[in-house]
Amino acid sequence: MRRFQLERKHSQWVSRGVKFQGPIIKEAKRGPPLAVRRLAAAAVAVAAVPPYPPVAAKRRPTQRYSFCNKTEGTTLYNLCFNTIPMEKKEDDHGQVEGWLEAMRSSSPPRFFSEAEDDRRQISFEELAKAQYEKWVVKHPSALHMFEPITKQARGKQIAVFLDYDGTLSPIVEDPDCAYMSEQMRATVKEVAANFPTAIITGRRRDKVYEFVHLAELYYAGSHGMDIMGPAEGCNGYKAHGLQTKDSKGNDVVLFQPASEYLSLMDEVCLLLKERSKKYRGARVDHNKYCATLHFRCVKEEDWLSLAKEVHAILKEYPELTLTQGRKVLELRPAIEWHKGKALEFLIEALGLSNPSKVFPIYIGDDRTDEDAFQVLRDKESSCSILVSKVSKDTCATYSLQDPSQVMQFLQQLVDWKARR
Ligand SMILES: O=P(O)(O)OC[C@H]1O[C@H](O[C@H]2O[C@H](CO)[C@@H](O)[C@H](O)[C@H]2O)[C@H](O)[C@@H](O)[C@@H]1O
């Protein structure tokens, strides 16, 4: 039987004054203060964060945690997951303006402001349509390509990884109302009954669970920094790891590579709330290992000063980095961990890392999903799908337009499996 172990080989690691302890045995509720946080701030001369994507930052070769999948003592895999701090580069000049550009394009505008005249609106739409038609040739619809996709998957174990917002639920103005439909829930349930399945989201794990409410899945919240799954596994696939109990007393396996940052994130969320409260429409979500500032409902003329507030916080907290999603700016630990790492981790932990036997499918709509698309791009057979109605730079191979098409694709997958 496979046994998944977190080894303590690199259990203590010191860099930039930040000392990490070994594996986390229990779900961290409120970690100890990050003792050397200020020390690190003083020690690190270079504190600026590159604009999105942070993965562009030069990486350090050091490794920290090591996870092994073992069979009766024989190591099958020994993949080292690197959660070291990213190296950041000094790039103050134009940085906030760079963010602003990304903020403008971070999600297609659903409504135009009253100040914009009809002619501009029409030409914008026409341009967008023409761009999309060109783009979709390069990233064809996964529905149209269903046959070639499943042909590639034949004889392999399919594993399904899903983003939540914009993928399983439509994008709405109020993040608390991003419900998934009952039909979508039923479809995801069927998917999990047929394939090992996980949701990988920027939201906090408990929040996304409130929406999805399916205990049989794996959940990776906070962009993969908070991974939990049923101890009995999903569709027969178990991540044997650190066992604990969830808030309802169920046996679960847990992995939280950034738990040291918990109290820091509490502090930063409060600060972000405080500094953004003067901007009407701004909202901060405490996503546990990520502080998410929503600016979808803030008027555009305030975006630059809002971005400057975030930039100032980043200067105060050099151990954080910035990522951008759909009308959100997110502050999170500047460690080499993101949705792509979470995907690699789950593939490995579930014993799905043999590329000739496994066919992973990842569906997501956001920039933060690009890290996962990149991971799959390097695999010999996989399927990456960007959910978008507009042309976007992406590493995904295929596209779907919206959650209703995602549901259609997932349903087809379940039906295909039933026919086999
Ligand atoms: O990784 P995801 O599952 O896509 O989560 C990323 C963020 O999702 C939520 O925000 C997004 O959806 C909201 C509701 O539709 C929308 O109002 C917002 O503009 C989107 O960015 C969530 O509220 C964030 O905390 C997540 O980081």
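Just so you know, these numbers come straight off a predicted model, no measurement behind them. The basis for the numbers below is simple: all heavy atoms, side chains too, and nothing from hydrogens, waters or symmetry mates. We count ligands from 1, going down the list as the structure has it; atoms in each ligand are counted the same way.
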Colleague: Among Arg275, Lys273, Glu274, whose side chain to side chain contact (heavy atoms under 4.5 Å, CB included) with Lys277 holds?
Modeller: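 It is Glu274, the one option of Arg275, Lys273, Glu274 that forms the side chain to side chain contact (heavy atoms under 4.5 Å, CB included) with Lys277.
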Colleague: Write out the residue and atom name of the closest protein heavy atom to atom 25 (O) of ligand 1, then the distance separating them to 0.1 Å.
Modeller: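 Protein heavy atom with the smallest distance to atom 25 (O) of ligand 1: Asn287 ND2, 2.7 Å.
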Colleague: Counting neighbours of NZ on Lys189 that are heavy atoms of other residues, nucleotides or ligands and sit closer than 6.0 Å, is the number greater than 12?
Modeller: no
Colleague: Write out the residue and atom name of the closest protein heavy atom to atom 2 (P) of ligand 1, then the distance separating them to 0.1 Å.
Modeller: Asp163 OD1, 2.9 Å
Colleague: Please report which non-hydrogen protein atom sits nearest to atom 10 (O) of ligand 1, along with the residue it belongs to and the distance in Å to one decimal place.
Modeller: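 Ranked first by proximity to atom 10 (O) of ligand 1 is His294 CE1, 3.5 Å.
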Colleague: Are any of the N/O atoms on Thr368, whether in the backbone or the side chain, positioned under 3.5 angstrom from an N/O atom of ligand 1?
Modeller: no
Colleague: Counting only heavy atoms not in Gln131, do more than 12 sit closer than 6.0 Å to its CD atom?
Modeller: yes
Colleague: Within the structure, does Lys327 bring an N/O atom to less than 3.5 angstrom of an N/O atom in ligand 1?
Modeller: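 In fact, backbone or side chain, Lys327 has no N or O that close.
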Colleague: Pick one: which of Asp365, Asp369, Asp165, Asp163 meets salt bridge (Lys or Arg N to Asp or Glu O under 4.0 Å) with Arg326?
Modeller: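 Of the listed options, the one satisfying the test is Asp365.
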Colleague: Counting only heavy atoms closer than 4.0 Å, does ligand 1 sit against the backbone of Thr292, its side chain, both, or neither?
Modeller: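 It is the side chain that gets close, since no backbone atom is under 4.0 Å.
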Colleague: Heavy-atom distances under 4.0 Å decide this one: backbone, side chain, both or neither, for Thr167 against ligand 1?
Modeller: neither
Colleague: Is it the side chain (CB and beyond), the backbone, both or neither of Asp285 that lies under 4.0 Å from ligand 1, heavy atoms counted?
Modeller: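 Looking at Asp285 and ligand 1, just side chain atoms fall under 4.0 Å.
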Colleague: Less than 4.0 Å between a side-chain N and a carboxylate O, is that true for Arg367 and Glu370?
Modeller: no
Colleague: What atoms of ligand 1 come within less than 4.0 Å of a heavy atom belonging to Pro175?
Modeller: 14 (C), 23 (O)
Colleague: Heavy-atom distances under 4.0 Å decide this one: backbone, side chain, both or neither, for Arg326 against ligand 1?
Modeller: both
Colleague: Could you find the nearest protein heavy atom to atom 19 (O) of ligand 1 and give me its residue, atom name and distance?
Modeller: Arg296 NE, 2.7 Å
Colleague: Under a 4.0 angstrom heavy-atom cut-off, which atoms of ligand 1 come close to Tyr164?
Modeller: 3 (O)
Colleague: Using a 4.0 Å cut-off to any heavy atom of Thr201, which atoms of ligand 1 qualify?
Modeller: 1 (O), 2 (P), 3 (O), 5 (O)
Colleague: What's the separation between atom CD in Glu336 and atom CG in Asp371, rounded to the nearest 0.5 Å?
Modeller: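 Going from CD on Glu336 over to CG on Asp371, the span is 9.5 Å.
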Colleague: Identify the protein heavy atom lying closest to atom 15 (O) of ligand 1, giving its residue, its atom name and the separation to 0.1 Å.
Modeller: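 The closest one turns out to be Val172 N, 2.8 Å.
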Colleague: Just which atoms of ligand 1 are under 4.0 Å from any heavy atom in Glu173?
Modeller: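 Here the atoms of ligand 1 in question are 17 (O).
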Colleague: Can you see whether Phe211 has Lys207 sitting over its ring - NZ or CZ less than 6.0 Å from the centre and within 45° of the normal?
Modeller: yes
Colleague: Tell me whether Lys417 forms a cation-pi arrangement with Phe195, defined as NZ or CZ under 6.0 Å from the six-membered ring centre and within 45 degrees of its axis.
Modeller: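 The answer is yes, since Lys417 meets both limits relative to Phe195.
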Colleague: So if I count the atoms of ligand 1 from 1 in the order they appear, which ones are less than 4.0 Å from some heavy atom of Glu330?
Modeller: 27 (O)
Colleague: With heavy-atom distances below 4.0 Å as the criterion, list the atoms of ligand 1 near Lys339.
Modeller: 1 (O), 2 (P)
Colleague: Check whether any heavy atom of Arg204 sits under 4.0 Å from an atom of ligand 1.
Modeller: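 It does not, in that no heavy atom of Arg204 comes within the 4.0 Å cut-off of ligand 1.
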Colleague: Starting from the C-alpha separation in whole Å, work towards a yes-or-no answer on side chain to side chain donor-acceptor pair (under 3.5 Å) for Arg332 and Thr323.
Modeller: CA-CA 8 Å; Arg332 50 161 127 162; Thr323 48; 3.1 Å; yes
Colleague: Backbone, side chain, both or neither: what part of Pro170 comes under 4.0 angstrom of ligand 1, heavy atoms only?
Modeller: backbone
Colleague: Start with the C-alpha gap between Phe255 and Trp337, add the side-chain angles, then the distance that decides, and say whether ring-ring contact (aromatic ring centres under 6.0 Å, His included) holds.
Modeller: CA-CA 12 Å; Phe255 175 62; Trp337 200 266; 5.4 Å; yes
Colleague: How far is atom 5 (O) of ligand 1 from its nearest protein heavy atom, and which residue and atom is that?
Modeller: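 Among all protein heavy atoms, the one nearest atom 5 (O) of ligand 1 is Asp165 OD2, 3.4 Å.
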Colleague: Kindly indicate, with the supporting measurements, whether the criterion side chain to side chain donor-acceptor pair (under 3.5 Å) is fulfilled by Glu330 and Thr292.
Modeller: CA-CA 4 Å; Glu330 301 188 291; Thr292 305; 2.9 Å; yes
Colleague: Any non-hydrogen side-chain atom of Thr197 less than 4.5 Å from a side-chain atom of Asn235?
Modeller: no
